[in-house]
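Report on the following structure.
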Amino acid sequence: PCSRPGGWACCDAARGARRRAGAVSLRGAGAAWLRRCDARRGARAAACLALASGLAAACLALGVPLPGQAAPGPGDTAADAPTITLREAEFCRRPGLGDTIPDARCDWRTVPLAKMWRDVDQPKVADAWFRLHFKLAAVPAHGLGMYEVGLNRTGRLFVNGQYLREFGPMSGRLPLNWNRSQYALLPPALLRVGDNEIEIQQRIYGWEQGWLAPVQLGPESRMVAMWRTRVFWQNELVRIMGVSTLTIGLFMLGVWLGR
């Protein structure tokens with residue numbers, strides 16, 4: 001049609017219309033690309049903010065000091081007292097289960113800590129006993145904090161023959177303590193000047209190994225801080241990262257679906 005009279009003007013108009021349509025299309029594509037980039041930047045920022053907020057909230061909840069924040073203490077006036085690390089214990093096993101501390105008839109023998117043990121004769125649950133010795137020149141007014149890095153799987157704690165607490169249920173379904181540290185406060189009423197004993201009853205399933213790591217004794221504020229820090233890095237952080245990863249994944253899925 002451009003060969004007909006007046007066709008040149010018609011062709012010029014068509015070309016101009018195509019150029020204008022192409023420019024509009026390019027502008028639309030550029031705007032869409034910018035929107036996608038903004039959405040991605042927003043998603044990354046929101047994900048980082050959610051992760052930082054979750055970590056900060058967990059630190060505050062567990063008492064772990066944030067950068068630039070002093071670690072809180074329970075007001076222990078003996079915070080500069082030395083820490084006692086018990087790396088040796090007496091170990092005893094007797095047939096069956098029993099909740100009373102074994103006497104001298106049990107085959108007590110000295111073992112280093114950490115101590116691992118297993119009972120192939122007990123198909124369901126098995127018990128073992130540990131007896132740890134330490135000396136005190138004076139009884140601390142606020143008692144002693146006890147920090148235990150590893151104890152599998154559950155047990156009970158005695159101080160100088162007196163029951164103090166459980167580390168978890170002793171019957172039914174035993175707790176998952178194989179990767180969780182333990183803390184206990186030894187009250188001054190159960191301590192004495194001179195020789196002291198800590199008795200730990202340990203209970204495991206018959207198909208697994210039991211173990212007891214070295215035990216640390218010291219001021220309450222120091223032992224609590226050590227215990228909280230380890231629980232955070234070993235247990236709570238894993239849980240926080242799992243929840244944060246799921247949250248970020250759902251958020252990114254929503255961004256992708258809403259494009």
Side-chain angles (χ1 to χ4, degrees), residues 48-87 89 113-115 130 132 134 136 139-159 163-170 174-191 196 198-203 210-247:
C48 293
L49 180 61
L51 181 58
S53 301
L55 291 175
C59 288
L60 292 175
L62 294 169
V64 179
L66 297 174
Q69 179 185 12
D76 192 349
T77 57
D80 56 346
T83 299
I84 305 171
T85 302
L86 306 179
R87 303 183 182 276
L113 299 179
K115 164 66 177 175
F130 292 86
L132 301 91
F134 65 98
L136 291 176
V139 175
H142 299 280
L144 274 179
M146 189 190 84
Y147 169 57
E148 172 55 53
V149 175
L151 180 146
N152 189 50
R153 172 175 294 248
T154 187
R156 298 195 304 162
L157 175 64
F158 299 79
V159 180
Y163 170 77
L164 181 59
R165 56 159 293 188
E166 289 185 351
F167 293 116
M170 298 291 289
L174 303 183
L176 294 173
N177 283 337
W178 63 271
N179 69 332
R180 182 174 289 273
S181 60
Q182 302 291 334
Y183 170 80
L185 177 63
L186 312 185
L190 298 183
L191 301 173
N196 290 264
I198 294 175
E199 297 92 0
I200 297 177
Q201 177 189 10
Q202 196 173 46
R203 181 163 293 176
W211 62 79
L212 181 71
V215 175
Q216 296 187 55
L217 304 174
E220 180 184 4
S221 58
R222 189 183 306 167
M223 297 296 103
V224 168
M226 293 171 61
W227 172 66
R228 285 178 174 172
T229 301
R230 187 171 185 93
V231 168
F232 174 75
W233 291 109
Q234 184 169 305
N235 307 110
E236 301 300 334
L237 184 61
V238 176
R239 191 175 298 116
I240 292 169
M241 294 298 293
V243 174
S244 300
T245 302
L246 177 61
T247 303

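We count residues from 1, following the sequence as given. Below, each value reflects all heavy atoms present in this structure, side chains not excepted, and no hydrogens, waters or symmetry copies.
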Practice prompt. For Arg165, enumerate each residue passing the side-chain hydrogen bond (donor to acceptor under 3.5 Å, both in side chains) test, keeping only those at least two apart in sequence or located in another chain.
Written response: none

Worksheet item: Can you name the nearest heavy-atom pair linking Ala213 to Ala114, along with the distance?
Response: CA-CB, 3.9 Å

Discussion item. Could you measure the distance from the CD atom of Glu148 to the CD atom of Gln182? Nearest 0.5 Å is fine.
Written reply: 8.0 Å

Discussion item. Could you check whether any side-chain heavy atom of Thr154 comes within less than 4.5 Å of a side-chain heavy atom of Glu166, counting everything from C-beta outward?
Written reply: no

Response to the item:
Nearest heavy-atom contact between Ala141 and Pro188 is O-CG, 3.6 Å

Practice prompt. Search all heavy atoms of Gly168 against all heavy atoms of Pro175 and return the closest pair with its distance.
Written response: CA-CG, 3.9 Å

Discussion item. Just checking Tyr183 against Tyr147, ring centres under 6.0 Å apart?
Written reply: no

Practice prompt. Please answer whether the main-chain N or O of Trp211 pairs with a side-chain N or O of Gln202 as donor and acceptor at a distance below 3.5 Å.
Written response: yes

Item to complete: For Arg203 and Met170, indicate whether the former's side chain and the latter's backbone hold a donor-acceptor pair under 3.5 Å.
Response: yes

Practice prompt. Quick one: closest heavy-atom pair of Leu174 and Pro169, and the distance?
Written response: CD2-O, 3.6 Å

Worksheet item: With a 4.5 Å heavy-atom cut-off, do Val231 and Ser181 have their side chains touching?
Response: yes

Practice prompt. Could you give me the CA-CA distance, side-chain angles and deciding distance for Asn196 and Leu144, then say whether side chain to side chain contact (heavy atoms under 4.5 Å, CB included) is met?
Written response: CA-CA 12 Å; Asn196 290 264; Leu144 274 179; over 6 Å; no

Practice prompt. To the nearest 0.5 Å, tell me how far Leu186 CG sits from Phe134 CZ.
Written response: 6.0 Å

Discussion item. Within this structure, what is the CD1-CZ distance for the pair Ile200 and Phe167, rounded to the nearest 0.5 Å?
Written reply: 5.5 Å

Worksheet item: Measuring from Gln201:CD to Tyr163:OH, what's the distance to the nearest 0.5 Å?
Response: 9.5 Å

Item to complete: Could you pull out all residues at least two apart from Arg153 that satisfy side-chain hydrogen bond (donor to acceptor under 3.5 Å, both in side chains)?
Response: Glu208

Fill in: Identified side chain to side chain contact (heavy atoms under 4.5 Å, CB included) partner of Met146 from the options Leu132, Leu185, Leu157
Leu157

Worksheet item: To the nearest 0.5 Å, what is the distance between CE (Met223) and CG (Leu217)?
Response: 8.0 Å

Practice prompt. Mind listing the closest non-hydrogen atom pair of Leu86 and Ile84 along with its distance?
Written response: CD2-CG2, 3.7 Å

